[in-house]
Structures are given as structure tokens and as C-alpha cells.
Amino acid sequence: MVGCLGMFNLVRYFHFLFICLSSLCLCMAVIPRNVLVIVADDYGFECGAYNNSVISTPNIDGLASRGILYKNAYTVVSSCSPSRSAILTGLPPHQNGMYGLHNGYHNFDSFNAVKSLPLILKDSGIRTGIIGKKHVGPEEVYPFEYAQTEENNSIMQVGRNITRMKELTREFLSQSNGSFFLYIGFHDPHRCGHTQPQYGVFCEKFGNGQPGMGIIEDWKPDYYSPDKVIVPGFVQDTPAARSDLSAQYTTISRLDQGVGLILKELENAGHADDTLVIFTSDNGIPFPNGRTNLYESGTKEPFIVSNPLKKSSWGTHSDGVISTLDITPTVLKWFDISYPSYKIFGRRASLTGQSLIFSDPNIHGRYVFGSHSLHEITMYYPMRSIRNKSWRLIRNLNYLMPFPIDQDFYLSPSFQDLLNRTRDGKDLHWFKTLNQYYYRPEWEMYNLDNDSLEIKNLATDEKYKDIFQSLWMMQMQWQNQTHDPFICAPGGVLEDAGSYKAHPVCMGLQNNLH
């Protein structure tokens, strides 16, 4: 009798276990996967996670401790709108059509046929939202379901007021029942002197509680003495530049505290363990040799990926060379969504980036590419570049003209310092002259293993001819794959229509530019 009862209890136990396992599988199947992408504005490596021992960035550092920190991450273009279009489409700007800044009289837009992340995800039933700086268009290409941006708000409120950004994040999360994709576009630490000079050169005074500055409840500003800041090697070490960096550091404190608020809202909403978090910036810092350049100082970006399903990777570093073009395939892989098949002007669109999840993060032997055409509409200076672990090759297609300077950077204390010192014949305390900065050769090639500032141009050195040819061929293959209309410049014309539609060719101009 006891044996029968024991057998009955055993059967009931396995039946109960089966129900529990089935329920567990069901629960696992319906747990939504989500993505949070945080993009800072003109931000570099001013944080503890990237070995800046002066600045206090506990929230960015904390995120790095809960993810993989990439040491060699690059934007495909060192300009705001083109970079953000590449992040949201996975296509370089010459392929998606966002050649320069979207706002104002610059008026650049992506091609109508482009399939962006918010469009693809929306069609797949993923709720999409954007808070802060958008700076891309048109709306048909980037149709976020929830949008609180500069298009319907003050950019100061949705991009720098971290209390307001926190509240909007809470609102979005409270309205999301299934899977979501949320893009946070901080306007910090972008310069401020061109548009809002009353708030300081980096808007470091906005919301600090001083008379006329307003107050941001959740921000406790950090202040730094100019003689304590760390001057990057590509910036002149002068009092003016140090003061400029000091203001930038204060604005970064608002960015960092804002990142902390957003992550806390994610946790409070119960999504800390089901959300892939990506943190990066759009381009290099707005200092000499930085933003709008395809040098290391203009394209190298902070990049952190926190994968809640791979906690074994938390707190690790990767030396692999990656690109912001990898963000779109990473997000699609996370949601298990295939990239759609479609064409742009009759040419098939395809992603050249790769997913950074469920694969080895230490990607070696990889090439990343750069494609810059314009920043402001008056700043036509097309460049193409390729970079691997040790080498960078840049081709300046408009090299006979001086490199242009944007309005925002021109008014900065750092650039005015270089101008004034040049006019007065004083030492610039910089590693090049303004004339060298303005006038560049067609080809630049640098060995980054022993020349991180890219000072010694080896493009014409016969000892490195094979490396030059190999990089150039890889660059041309990528330009061909991404249908770059500049592929024949500056020495030829691309004929790719009519009689040449099936076999595009470069036809020489006999202008001695090759």
C-alpha cells in the first residue's frame, strides 16, 4: 500500500514538474527583448572607464562595469546628422543620402527608399521611441512612434534638461507593453557658443541654479580647474584650450548624471534584465583635429554594450576594431529580425557592419571605413578612409582647397586661440600649424602602432607600398559595395546610367589627379 502511494506521489511530482517546466518555457518565450541606445553629442573619452583620472563619471563607468567596453570603436563619419543616419540605418551617409547636417538651410535628408531601424522595427511589431536630439530626416524614413525631440520641443529641454528627459523616459516605458526600442539622443556635451552663448561655451551654465540660468533638479554640477584637466594630444596645451576643456567637463557631468537617471528608469520599469544597452557618441570632440576630421581624433568613439543575457562578458574590454555601422545589425540580431531586401535607386541595399552580440567581441583583422562629404552645406570636403588594427589610409578628394571650419567650432576659445597665436606669430603649442591643418595631401597613411597622433605620413614611402595598395583596394571594394558616387573622384567621372547601367565605369578627366 505504501509503495502504491509512493508511486502515486512520484507520478504527481513529475506531472507537477512538467507543468512547471512548461510554464517556465512559456514565460521565457513571452519575455520581451528590448533595446536602449544612448548617443552622446560630440563626446569623447572623458570618463573614468577610458582612463581619464580627473573627471568624475560614475554612471558611465558603472555601465562599462556591466558590459563590454570597446577600445577601438569608430564612427563612419565625423559629423552629427550623417553619423546618426548611419547609426539608425546601418548604411554610410553616401549610401543613405544624409550627406551633411539635416537642420536649417543645410537641409540634407536620407533617400526616401532607405529602411531605417525605427521603420524596420515598427513593421515587426516593436514599439519605437526617441527622446532628445534626432537631427535626421525625412519623417517617412525615421518614423518613431513616440517622439520628443527638437522637432516638437526645445532641444535644451529634451536634450540637456536631464530631469525632463527622465520624465519622458518614464512616460515611454509606462506605455510600452511588448518589446521596445528606445533611442536617447543627449545634446550634451555639444558646444553652445554658436547658438546659446548666454549659457557658456558648452552650455555648462544651463540649469545650474545661478540667476537667469534656470535649475535642473537632478543635476549637481561638477567643476574642474583648468590646470587639472587632461589635454588630449591633438589639442594645443594653452590656457584658452584648458579653460575650454574645463567647461566641457562640467557639461559632461550633466551627461553622466543623465545617463544614470535613464538607466534607473529602465530598472524601475523592470527592464534591467531584458534590455540590451548600447552607449556611444556621434563623432569626435569639437576641438582642433577632432570633429569633421577622419583622423583618429575625429572618428574614435566611446562604445559600451551591456548584454543582460551574457553577464559573463560584463566588466571586460575588447581590442577589436568595430564601427557604429555595427549598431543596426546588432539590434536586428537581438530582435531576431532579418534585414529587408530592397533597392535604393535600383541598387540593392546591404549592411556592411556586423552584429556585436552572440559572437566573439575581440574582432581582429577587421577593417572599418570612413565616408565624410560635408558637415555644413558650405563645408564641401569629401574624404574616404580605411582603418585596421595598425594602419589608417585617408584620401582627401578635395585636397586642392583648404579644409573648412564650421561655425560652431570657429567661435570656440580653442580655435580662436590658434587664430590669434598664428596672427601674432606666437608658439601654438600644437603639433601642427594652421596651414598644415588647412592644406592636406591627397593621400595620408599612418602607422597607428607608433604614431597615434598621425604625424608622419607614409603614403608615398616605398617601404610601405604593399600596405598602401592593400588598404586602397579594400577601400575601393567597400565603396563599390556601398555604391559610393565619389568612387571615381577626383580624377574621373562615374558613368553608371544609360549605356553603362549594367557595367559602371570610371572615365578619366585628364586633370592629372590620380
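Values in this document were obtained by computation on a predicted structure and should not be read as measured data.
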If you measure only the distance, is there a donor-acceptor pair under 3.5 Å linking the side chains of [X] and [Y]?
X: Ser81; Y: His102; result: no
X: Ser253; Y: Trp219; result: yes
X: Asn293; Y: Arg440; result: yes

Measuring only between side-chain heavy atoms, which start at C-beta, is [X] closer than 4.5 Å to [Y]?
X: Tyr142; Y: Arg84; result: no
X: Thr57; Y: Glu46; result: no
X: Trp443; Y: Trp472; result: yes
X: Thr482; Y: Phe369; result: no
X: Asn283; Y: Glu301; result: yes

Please find the pair of heavy atoms, one from [X] and one from [Y], that lie closest to each other, and give the distance.
X: Asp319; Y: Lys389; result: O-CE, 3.4 Å
X: Trp478; Y: Ser371; result: CH2-CB, 4.0 Å
X: Glu150; Y: Lys133; result: OE1-CA, 3.5 Å

On the six-membered ring of [Y], is [X] placed so that its NZ or CZ lies under 6.0 angstrom from the centre and within 45° of the ring axis?
X: Lys432; Y: Phe403; answer: no
X: Arg384; Y: Phe486; answer: yes
X: Arg191; Y: Phe287; answer: yes

(request) In sequence, state the C-alpha distance, the side-chain angles, and the governing distance for Val331 and Phe335, and then conclude on side-chain contact (heavy atoms from CB on, under 4.5 Å). (result) CA-CA 6 Å; Val331 172; Phe335 286 122; 3.9 Å; yes
(request) For the pair Thr280 and Ile327, evaluate side-chain contact (heavy atoms from CB on, under 4.5 Å) and give the outcome as yes or no after the intermediate values. (result) CA-CA 10 Å; Thr280 189; Ile327 292 178; 4.1 Å; yes
(request) Go through Thr330 and Val305 one step at a time and tell me if the side-chain contact (heavy atoms from CB on, under 4.5 Å) criterion holds. (result) CA-CA 10 Å; Thr330 297; Val305 177; 5.5 Å; no
(request) Among His372, Glu442, Glu444, find the residue that satisfies the side-chain hydrogen bond (donor to acceptor under 3.5 Å, both in side chains) test when tested with Asn396. (result)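 Going through the options one by one, the only one that passes is Glu444.
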(request) Keeping the roles fixed (side chain from Arg254, backbone from Glu204), state whether a donor-acceptor pair exists under 3.5 Å. (result)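 Here the side-chain-to-backbone pair does not exist.
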(message) So, using side chain to side chain contact (heavy atoms under 4.5 Å, CB included) as the criterion, who are the partners of Asp424 when residues are at least two apart?
(response)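 So Asp424 forms a side chain to side chain contact (heavy atoms under 4.5 Å, CB included) with Lys426.
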(request) Determine, step by step, whether Asp461 and Lys456 satisfy the salt bridge (Lys or Arg N to Asp or Glu O under 4.0 Å) criterion, reporting the C-alpha distance in whole Å, the side-chain angles of both residues, the deciding distance to 0.1 Å, and the verdict. (result) CA-CA 10 Å; Asp461 192 322; Lys456 187 173 178 57; 5.6 Å; no
